[in-house]
**Student:** 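Got a structure for you, written out below as structure tokens; questions coming shortly.
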There are 2 protein chains.
Amino acid sequence: MAESGSSAGGGETLLFLTDDQLRKGIEAMFFAYRGFTADPDRILEDKGYGRAHHRAIHFINRSPGTTVNNLLSILGVTKQSLNRVLRTLIDDGLVRSDVGTRDKRERHLYLTETGEVLERELSNAQRKRMRAAFRQAGPEAVVGFRQVLEAMMDSDMRRHYAKLTETG
Amino acid sequence: MAESGSSAGGGETLLFLTDDQLRKGIEAMFFAYRGFTADPDRILEDKGYGRAHHRAIHFINRSPGTTVNNLLSILGVTKQSLNRVLRTLIDDGLVRSDVGTRDKRERHLYLTETGEVLERELSNAQRKRMRAAFRQAGPEAVVGFRQVLEAMMDSDMRRHYAKLTETG
DNA sequence: ATTTTATGTCAGCCTTGTTGACATTCCAAG
DNA sequence: CTTGGAATGTCAACAAGGCTGACATAAAAT
């Protein structure tokens, strides 16, 4: 409404910024995210877990020894929600929770060997789909894909994303 | 595991298919989707609605007169789940449900004027973020973005996506 | 006339999010 | 040393939004 695809100032047409193009992007995100989560969802439901368990497992695997608080800020949920998920994972022997040495109030989280097995099963399934999509679209498309996604993140999330990708 | 970034057959390196690149794509999807839904979520919670209401409103707006069954296959939920959401939208006067003329069993769904007001508020917010991301990434990135997302969809969802984008 | 289809509705369950309240443990500052 | 605050755990209650199962209705299709 306030801004159409044609810039008033410059001579550029900016046809890729029309409301129609934006709508296509929005719907592409919606449908693609469904595919993105479909394979892990199938694996998880067989084992009585949900997406929340997957997220915890993923980020514990990415940052072994991370604290509950760090995980909270990445996942953006309350400690009570996360605690319920972590409790089942710890009770089922997929996650180990070690009291901190420097600060004994903190718990440091690690995947057990059983946890790593499930993590690999989940990430293999998700990577398989991502690999097929990347291959089909080609390397230049992948660059653009990530550029747009990074620009779409909230700054907090972009910070977490950058921190995760810089080291690992 | 079964397939690294380096192709065994050809001379191509395919560095964009390494597990590390795939992981970055996975995490980018996760963090970006949070941003993608953040603005509508804020608007909706003020009005006592959730993401499920947004999805219904979006696709009714995109295909005025659509049937409940068509909406079900797009959204991928049960009729009971959708019915609960539609019920509140109809009761609140945002959606109109007309008995079909050719087949009186079907209900055809339309946004009321009030419904269109909320739809515009939601889609304006979502387009604003998408526009900023598109502008920042540039037109070539946008093409790649959509290519990867389309390749990531399940075939059912890609069918719906294509049908929506071909006409509208 | 019977079956199937499309929809609605009621009841109940699960996951995963929320808030509020309170206990524990322990670092750190006064 | 005592107190305050931080990190965590736990209990209770609640809500959104998925799910299944069962059943009713209306109308199309056979």
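Residue numbering restarts at 1 for every chain, and letters A, B, ... go by the order of the sequence lines.
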**Student:** Does C:dT7 have OP1 or OP2 under 4.0 Å away from a side-chain N or O of B:Asn69?
**Tutor:**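 Yes.
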**Student:** Let me know which of A:His58, A:Arg55, A:His54, A:Glu121 forms a side chain to side chain contact (heavy atoms under 4.5 Å, CB included) with A:Pro40.
**Tutor:**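 That would be A:His54; it is the only one of A:His58, A:Arg55, A:His54, A:Glu121 passing the side chain to side chain contact (heavy atoms under 4.5 Å, CB included) with A:Pro40.
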**Student:** Taking only the side-chain heavy atoms of B:Val68 (C-beta and beyond), determine which of D:dA7, D:dG18, C:dG8 contains the nearest atom.
**Tutor:**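 So the side chain of B:Val68 is nearest to C:dG8.
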**Student:** A side-chain contact here means heavy atoms from C-beta on lying under 4.5 Å apart; do B:Thr67 and B:Leu109 qualify?
**Tutor:**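 The answer is no; the side chains never approach within 4.5 Å.
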**Student:** Write down the distance between CG (A:Leu75) and P (C:dT18), rounded to a whole number of angstrom.
**Tutor:**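 Going from CG in A:Leu75 over to P in C:dT18 covers 11 Å.
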**Student:** Decide if atom CD of B:Glu140 counts as having more than 12 heavy atoms of other residues, nucleotides or ligands within a radius under 6.0 Å.
**Tutor:**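 No, CD of B:Glu140 has 12 or fewer neighbouring heavy atoms, counting only those of other groups under 6.0 Å.
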**Student:** Which residue is it: B:Leu94, B:Asp41, B:Ile57? I am looking for the one with a side chain to side chain contact (heavy atoms under 4.5 Å, CB included) to B:Tyr49.
**Tutor:**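 For B:Tyr49, the side chain to side chain contact (heavy atoms under 4.5 Å, CB included) check succeeds only for B:Leu94.
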**Student:** Pairing donors with acceptors under 3.5 angstrom, does anything connect the side chains of A:Asp92 and A:Thr88?
**Tutor:**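 A:Asp92 vs A:Thr88: no donor-acceptor pair found between side chains.
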**Student:** Would you kindly give the CG-to-C1' distance between B:Asn70 and C:dA6, to the nearest whole Å?
**Tutor:**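 Taking atom C1' of C:dA6 as the reference, CG of B:Asn70 is at 13 Å.
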**Student:** D:dG18 C1' sits how many Å from B:His54 NE2, rounded?
**Tutor:**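 That distance rounds to 19 Å.
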**Student:** Tell me if the centroids of the rings in A:Phe30 and A:Phe36 come within less than 6.0 Å of each other.
**Tutor:**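 No; A:Phe36 has its ring centre 6.0 Å or more from that of A:Phe30.
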**Student:** Establish, with yes or no, whether the OP1 or OP2 oxygen of C:dT16 is under 4.0 angstrom from a side-chain nitrogen or oxygen of A:His53.
**Tutor:**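 For C:dT16, OP1/OP2 do have a side-chain N/O of A:His53 under 4.0 Å.
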**Student:** Looking at residues 82-98 of chain B, who's got a heavy atom less than 4.0 Å off DNA chain D?
**Tutor:**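 Contacting residues: B:Arg84.
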**Student:** Taking only the side-chain heavy atoms of A:Glu106 (C-beta and beyond), determine which of C:dG17, D:dT8, C:dT7 contains the nearest atom.
**Tutor:**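 The listed nucleotide nearest to A:Glu106's side chain is D:dT8.
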**Student:** Name the pairs: protein N/O against N/O of nucleotides 20-25 of chain C, kept only if under 3.5 Å.
**Tutor:**
from   : atom 1 : to      : atom 2 : distance (Å)
C:dG20 : O6     : A:Gln80 : NE2    : 3.1

**Student:** Any non-hydrogen side-chain atom of B:Val95 less than 4.5 Å from a side-chain atom of B:Tyr110?
**Tutor:**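 SC-SC contact between B:Val95 and B:Tyr110 ruled out.
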**Student:** Starting at atom CG of B:Leu44, determine the distance to atom P of C:dG17, rounded to an integer number of angstrom.
**Tutor:**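 Rounded to whole Å, this separation is 18 Å.
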**Student:** Can you measure B:Tyr49 atom OH to D:dA15 atom P for me and round it to whole angstrom units?
**Tutor:**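 To the nearest whole Å, that distance equals 17 Å.
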**Student:** DNA chain C: A:Gly76 or A:Gly48, which has the more 5' nearest nucleotide?
**Tutor:**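 Its nearest nucleotide lies further toward 5', so the answer is A:Gly48.
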**Student:** Indicate whether OP1 or OP2 belonging to D:dC19 is found under 4.0 Å from a side-chain N or O atom of B:Thr78.
**Tutor:**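 Indeed, a polar side-chain atom of B:Thr78 lies that close.
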**Student:** Please tell me if B:Ser81 has a side-chain N or O lying less than 4.0 Å from either OP1 or OP2 of D:dC19.
**Tutor:**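 Indeed, a polar side-chain atom of B:Ser81 lies that close.
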**Student:** Checking side chain to side chain contact (heavy atoms under 4.5 Å, CB included) against A:Ser97, which of A:Val68, A:Leu89, A:Ile90, A:Leu86 comes through?
**Tutor:**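 When side chain to side chain contact (heavy atoms under 4.5 Å, CB included) is applied between A:Ser97 and each of A:Val68, A:Leu89, A:Ile90, A:Leu86, only A:Ile90 qualifies.
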**Student:** Between atom CG in B:Leu71 and atom C1' in C:dG8, what is the gap in whole Å?
**Tutor:**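 Taking CG of B:Leu71 and C1' of C:dG8, I get 15 Å after rounding.
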**Student:** Expressed as a whole number of angstroms, how long is the span from B:His108:NE2 to C:dT7:C1'?
**Tutor:**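 Computing the B:His108:NE2 to C:dT7:C1' distance gives 12 Å.
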**Student:** Taking the six-membered ring for Trp, are the ring centroids of A:Phe59 and B:Phe31 within less than 6.0 Å of each other?
**Tutor:**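 That pair passes the under 6.0 Å test.
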**Student:** Check this one for me: any side-chain N or O of A:Arg51 less than 4.0 Å away from OP1 or OP2 of D:dG17?
**Tutor:**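 The answer is no; no side-chain N or O of A:Arg51 sits under 4.0 Å from OP1 or OP2.
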